[in-house]
Colleague: 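Just dropping this structure here.
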Number of protein chains: 2
Amino acid sequence: MDEDLKYWYLRDHKLFRTLSFKQMKQLCIIMGFKEAKKGEIIYFSSSDVPRIFVLKKGNIKIVAVDEDGNETIKDIIKKGDLFGELTLETDGESNEYAKVLSDDVAICSFLLSDFEEVLLKNPGLALSYTKIVGLKMKRIKNSYSNLISKDAKTRLVLFLKDWAEKEGTQTGNKVIIENYLTQTDIAQIICTSRQTATQLLNEMEAKGTLLYNRKEIIIADITTL
Amino acid sequence: MDEDLKYWYLRDHKLFRTLSFKQMKQLCIIMGFKEAKKGEIIYFSSSDVPRIFVLKKGNIKIVAVDEDGNETIKDIIKKGDLFGELTLETDGESNEYAKVLSDDVAICSFLLSDFEEVLLKNPGLALSYTKIVGLKMKRIKNSYSNLISKDAKTRLVLFLKDWAEKEGTQTGNKVIIENYLTQTDIAQIICTSRQTATQLLNEMEAKGTLLYNRKEIIIADITTL
DNA sequence: ATTAAAATGTCGGCTAGATTACAATTCCCA
DNA sequence: TGGGAATTGTAATCTAGCCGACATTTTAAT
């Protein structure tokens, strides 16, 4: 791929704003690039060399498979998010893969070792990076405490609010979200059974607070959700 | 407090191994130091200036209070652990405090701003720091997935195993843990009600796999727990 | 168009574990 | 050395939401 294009792919990520043109060039040389279509599965843990990924376009979900073959959604990664060995520490056995949710995605990646070297030469970048990882931790902690103290319905509402805020198109109090998740996905994200999620969504639809279909979710009034 | 003593307090923390004597001296100058006795409460969020803390001795629990006044244990901090604004980002409203569990504790601290400056001058330190934060995130993720997929009994067993591994004194397969937690504490940590925790512990005691009292927990055989 | 595979809708039984409510211990300290 | 507070023990209820078992609808592929 053209080096110049790579440059722009990185340039617009807030993490790399602090870098000079020259430093950026260096990063681009070690950068990998990949595109994929909906439904494709991208393996990124264990087998391969550890990498850090930046999602430049689209949405993916990170799925973990446990000993019994059960699949759990670990994370939804959106445009601009980082994923992979964020902790800078290879963790052996975790069995995870990424599945493309949107029509297509573009992904940049670095080898963990290369990235570490760049961090060592750019303390400012290291600091920004730590903050991004920290932010991620904070979000995880938050959903963790929701899981403990809130019931399924509240969790669904919180999830929808969050989704609407991040990606919805708001007109007045009405918000339209492009829906690339199935109800099974949503259920897994808010940690409940598919049946419960379906029921809750239908309840909300019956009450008129919501309009659900496979293409989009329309929230009548985000303030009263 | 004596600067030299401070030096040694920091010196034996793995995070600071990479620093030169001179750099360490600098850190010590900006370092705060505090001791406290069992039961004391240490406020550290919101009100005060943001800080990073290193627990040098003893155990504390981090407790969060929500709008309704419910207390939840967020974390158990042990000797050598970091706590406070680990994300390097002040987060406004979270209402947390630390309570001393062991007989007494010693705590070092830095202003967040000072620490950031030191990180900027020591990229290696920044990298180590990121790894520590990352490790913490990994642990949180882990207990998160336990919470989802495992029942209360399994969670208790996992917690006990973890505790035993970190702090227990092992002789053969028998492990003795110094017990500074109440059953209410344990219940909160594994996210269940106090009654359920009590019941599970008594069941295990009846089966002879365990011996619980307020001073210590004796696990008959850690391999079959 | 045909059909198989996903995704969604619905229902009743079942259970882990929360909740409420006390009783019995043990600890702490004045 | 007593007495109040904290901790632990036990039991009876109650319920959110999981699970199994379908029917129905939508989508995609041949």
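Keep in mind that this is a model prediction, so the values were computed, not measured. Naming: A, B, ... by sequence-line order, numbering from 1 per chain.
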Colleague: Please report, rounded to the nearest Å, how far the P atom of C/dC22 is from the CZ atom of B/R194.
Modeller: 15 Å
Colleague: Need to verify one output field. Residue with the more 5' nearest nucleotide on DNA chain C, A/N213 or B/K153?
Modeller: A/N213
Colleague: Is the count of non-hydrogen atoms from other residues, nucleotides or ligands lying under 6.0 Å from A/K174 atom NZ greater than 12?
Modeller: no
Colleague: Of B/K38 and B/S193, whose nearest nucleotide on DNA chain C comes first from the 5' end?
Modeller: B/S193
Colleague: Under 4.0 Å, counting only non-hydrogen atoms across every strand here, what does A/T182 touch: a base, just sugar-phosphate, or nothing?
Modeller: sugar-phosphate
Colleague: Find the distance A/L147:CG to D/dC18:P and express it as a whole number of Å.
Modeller: 11 Å
Colleague: It should be established whether A/N202 places a side-chain nitrogen or oxygen under 4.0 Å from OP1 or OP2 of nucleotide C/dT10.
Modeller: yes
Colleague: Just how far, in rounded Å, is P of C/dA7 from CG of A/L101?
Modeller: 11 Å
Colleague: Taking all non-hydrogen atoms of both residues, which atom of A/I52 and which atom of A/L86 are closest, and how far apart?
Modeller: CD1-CA, 4.2 Å
Colleague: How many whole angstroms separate atom CG of B/L201 from atom C1' of D/dT7?
Modeller: 13 Å
Colleague: Around B/K78, counting heavy atoms of other residues, nucleotides and ligands shown, do more than 12 lie under 6.0 Å from its NZ?
Modeller: yes
Colleague: Whole Å only: how far is the CD atom of B/E203 from the C1' atom of D/dT10?
Modeller: 13 Å
Colleague: Closer than 4.0 Å, any side-chain N/O of A/T196 to the OP1 or OP2 of D/dG17?
Modeller: no
Colleague: Using a strict threshold of under 4.0 Å (side-chain N to carboxylate O), is an ion pair present between A/D103 and A/K37?
Modeller: no
Colleague: Tell me: CD of A/Q199 to P of C/dT8, nearest whole Å?
Modeller: 15 Å
Colleague: Does A/K207, at its NZ atom, have more than 12 non-hydrogen atoms belonging to other residues, nucleotides or ligands within less than 6.0 Å?
Modeller: no
Colleague: Assign B/Q195 to base, sugar-phosphate, or nothing according to its heavy-atom contacts below 4.0 angstrom with the strands shown.
Modeller: base
Colleague: Looking at D/dG9, I'd like to know if its phosphate oxygens (OP1 or OP2) sit under 4.0 Å from a side-chain N or O belonging to B/Q183.
Modeller: yes
Colleague: Rounding to a whole Å, what distance do you find between B/R214:CZ and C/dT25:C1'?
Modeller: 7 Å
Colleague: When the distance from CG of A/D185 to P of C/dT8 is rounded to whole Å, what number comes out?
Modeller: 9 Å
Colleague: Does a nitrogen or oxygen in the side chain of B/T192 sit under 4.0 Å from OP1 or OP2 of C/dA18?
Modeller: yes
Colleague: By nearest nucleotide on DNA chain D, pick out whichever of B/N179 and A/K150 is the more 5' one.
Modeller: B/N179
